[in-house]
Amino acid sequence: MLHLAPLSPGFGLEAHGVDLAQPMSDEAFAPILQAFFRGQVLVIRDQRLTAAQFVAFARHFGPPEPHVIDQFHHPDDANILVLSNRVDNGKPLGLADAGTYFHTDYSYLEVPARATTLYSIEVPKVGGNTLFANQYAAYDDLSETMKRKLEPLIAIHHYGNRDERNEASRIAASPLTDEQKARMPLITHPVVRRHPVTGRKALYAVSGSSYGIVGMPEDEAVALLDELAAHATQPKYVYSLAYGVGDVVIWDNASLLHSATLVDAAYPRTLWRITLKEPTLAATSVLATTYVGAGMTYVGAGM
Ligand SMILES: [Fe+2]
């Protein structure tokens, strides 16, 4: 039996009473999907999963899309990216610093990520939280003038962190090889994006991969994006999630920005990550029907 409790007054849900190691029918999965869209961040505590079991669970949310950084794929399943600061004989066992700035996953791809899920294997003694910023609330709170200004705007994205262009920095995007860079085109997404399932409007990727706005001079576009990013990551929109061993965390990339926090190399930490793309339109409408049909209601503008 799935038990849900709020993680914070604003958003986020914590689930107990579910064993993700067991195969799950679509019917059994439906309440988890609803909790995911309602909570934006869903934490399922106390799991013991093999790579295959973790991938089987993640597939319920959409098709897995392996990360462009392919040096640290899990040996049993390339859909899993290993995040770790452990080093064995001088060889890193995983990607050590990933996304320590506000961004949303795969916003530099034409079909962005619906969900990202992390399975926590090893928790550092100090640090390692993930910060989440609610982009529904950030949009809702904009002035009507700003909403009208943003409505037609299309942002230009590519892989990276607009705020840190020095690849050697720990807060830059993880550097790509030349071959990986060659696979990264320019992509556009609306600045205000309607959530493909809930239909609510949210600010989309105003921090991270957005480098410009179509038809706007670059300095003006960057100034506007910087203003929106500062607004959208204010503490009142942010929840800081601490991990326990065995936690499975899944978040909604269409309604959140998130940021990793740096972990001291003295404190080992290991997570498995799977990123799920937004499903095709047909699959999305089935999910939307399930979602609306389940009688879910939104919690007010503060959510
Ligand atoms: Fe990320």
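Atoms within a ligand are numbered from 1 in the order they appear, just like the ligands themselves.
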Name the one of L95, N79, L81 that satisfies side-chain contact (heavy atoms from CB on, under 4.5 Å) with R273?
L81

Roughly how far, to the nearest 0.5 Å, is the CD1 atom of I156 from the CG atom of L186?
7.0 Å

For the Fe ion (ligand 1), what is the closest N, O or S atom on [X]?
X: D105; result: OD1
X: H258; result: NE2
X: H103; result: NE2

Which of Q135, Q40, H195 passes side chain to side chain donor-acceptor pair (under 3.5 Å) with D252? It is H195

Does the side chain of N129 come under 3.5 Å of the side chain of T261 through a donor N or O and an acceptor N or O?
no

